[in-house]
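FYI, the numbering just counts along the sequence from 1. For the numbers below, each heavy atom of this structure counts, side chains included, while hydrogens, waters and symmetry mates do not.
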Amino acid sequence: MDLKDVMPWASPTFYRAVLEALPIPVFVIDQGHRFKYANPAFLDIFGLPANALLGRTLWEYWPEEESKFFKQACDDVFANHQAVTTEFESADDHTFHEITLSWWDSHVSGAIIDVTTQRRREGLIQEELDSTQRLVQTYEDVVPAALQSASTDSLTGLPNRRRADDIGPSVFRAMQCSGMGAALCLIDLDNFKSINDTFGHAEGDNVLRRV
């Protein structure tokens with residue numbers, strides 16, 4: 001929607017006064033990428049008076065290697081007559097700016113918004129999410145293994161007393177609900193002490209594993 005549709009009573013002088021008062025940098029360039037208009041907020045970025053910038057291209061003040069993205073975005077608007085939004089990070093102070101470019105009467109008009117605070121906040125949030133994800137991954141990797149180790153006999157690999165205490169109540173509840181029975185087996189090895197005494201504890205451990 002054009003401002004003239006919203007405020008048909010407003011004069012060109014009024015529109016210009018609005019642009020001049022905006023704290024947001026606003027500019028207009030022609031198809032040769034030369035500046036036709038730049039409001040005070042935009043001129044402040046480069047510390048230039050209007051007569052030094054108007055009629056010139058941006059890369060006369062900004063290295064073309066760094067401003068290639070800007071030129072490409074402008075060319076896209078000229079070619080498609082559709083708005084384009086792009087973002088860049090300043091190499092000097094690492095601030096972030098979002099540029100919105102729009103087709104307007106055979107020219108491209110643009111506005112620049114400082115999004116540094118927003119991007120840094122997003123970065124902090126992402127760091128927190130990454131940290132949380134690492135903690136979750138650590139929990140998933142370490143805790144189950146630790147629980148398994150704590151409930152398993154290290155020699156035989158069989159469930160130990162702790163595991164029996166854990167599953168015992170659920171087994172008894174299942175018995176009560178289903179009416180089915182369960183068996184508890186106690187295995188005793190006769191004369192096992194003589195195996196340890198005769199062949200040593202290492203061989204005794206092997207016997208326990210086989211049993």
Engineer: If you look at every heavy atom in C74 and I29, which pair is closest and at what distance?
Structural biologist: SG-CD1, 3.4 Å

Engineer: Does the distance from a Lys or Arg side-chain N to an Asp or Glu carboxylate O, for D165 and R161, drop under 4.0 Å?
Structural biologist: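 Here D165 pairs with R161 in a salt bridge, since their nearest N and O are under 4.0 Å apart.
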
Engineer: Can you name the salt bridge (Lys or Arg N to Asp or Glu O under 4.0 Å) partners of R56, sequence neighbours left out?
Structural biologist: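 Partners of R56 by the salt bridge (Lys or Arg N to Asp or Glu O under 4.0 Å) criterion, ordered by chain and then number, come out as E60.
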
Engineer: Using the rule that Ile, Leu, Val, Met, Phe, Trp and Tyr join whenever any side-chain heavy atoms are under 4.5 Å apart, tell me whether L19 and I24 fall into a single cluster.
Structural biologist: no

Engineer: Does E122 form a side-chain hydrogen bond (donor to acceptor under 3.5 Å, both in side chains) with Q118? I'd like the steps, not just the answer.
Structural biologist: CA-CA 6 Å; E122 291 171 353; Q118 179 181 346; 3.2 Å; yes

Engineer: Measuring from D76:CG to K71:NZ, what's the distance to the nearest 0.5 Å?
Structural biologist: 12.5 Å

Engineer: Output the distance between atom CD (Q137) and atom CG (D130), rounded to the nearest 0.5 Å.
Structural biologist: 12.5 Å

Engineer: Minimum heavy-atom separation for A73 to V84, with atom names?
Structural biologist: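 Shortest heavy-atom contact: CB-CG1, 4.1 Å.
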
Engineer: Does either side chain, that of N160 or that of R163, offer a donor lying less than 3.5 Å from an acceptor on the other one?
Structural biologist: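 On atom types as modelled, these side chains do not qualify, holding no pair under 3.5 Å.
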
Engineer: Under a single-linkage definition using a 4.5 Å side-chain heavy-atom cutoff for Ile, Leu, Val, Met, Phe, Trp and Tyr, are V108 and L43 assigned to the same hydrophobic cluster?
Structural biologist: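 In one cluster with V108: L43, yes.
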
Engineer: Locate the shortest heavy-atom distance separating V28 from H107; write the atom from each residue and the value.
Structural biologist: CG1-CB, 3.8 Å

Engineer: When hydrophobic residues are tied together by side-chain contacts of less than 4.5 Å, even through go-betweens, does V211 share a cluster with L158?
Structural biologist: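 Different hydrophobic clusters.
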
Engineer: On a heavy-atom basis, which atom in E87 and which in R119 lie closest, and how many Å separate them?
Structural biologist: OE1-NH2, 2.7 Å

Engineer: Determine the minimum heavy-atom distance between T116 and F96, stating which atoms define it.
Structural biologist: OG1-N, 2.8 Å

Engineer: Taking only residues two or more places apart in sequence or in another chain, which ones pass side chain to side chain contact (heavy atoms under 4.5 Å, CB included) with I99?
Structural biologist: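 F27, F69, F70, T86, F88, L101, I112.
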
Engineer: How many angstroms lie between CG in L58 and CG in L53, if you round to the nearest 0.5 Å?
Structural biologist: 7.5 Å

Engineer: What's the shortest heavy-atom distance between N39 and L22, and which atoms?
Structural biologist: ND2-O, 3.7 Å

Engineer: Could you give the distance from CH2 (W103) to OG (S109), rounded to the nearest 0.5 Å?
Structural biologist: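 One gets 10.5 Å once the value is rounded to the nearest 0.5 Å.
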
Engineer: Nearest 0.5 angstrom please: E98 CD to T85 OG1, how far?
Structural biologist: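 Those atoms lie 5.5 Å apart.
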
Engineer: Please report the interatomic distance CG(D205) to CZ(F199), rounded to the nearest 0.5 Å.
Structural biologist: 14.5 Å

Engineer: Which pairs count as side chain to side chain donor-acceptor pair (under 3.5 Å) when at least one residue sits in residues 185-195, sequence neighbours excluded?
Structural biologist: K193-D197

Engineer: Does any non-hydrogen side-chain atom of D75 lie less than 4.5 Å from one of H33?
Structural biologist: yes

Engineer: Same cluster or not: are L189 and I195 linked, directly or through other Ile, Leu, Val, Met, Phe, Trp or Tyr residues, by side-chain heavy atoms under 4.5 angstrom apart?
Structural biologist: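 Linked within one cluster.
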
Engineer: Test side-chain contact (heavy atoms from CB on, under 4.5 Å) on L124 and E127 and set out the steps.
Structural biologist: CA-CA 5 Å; L124 291 174; E127 287 180 7; 4.0 Å; yes

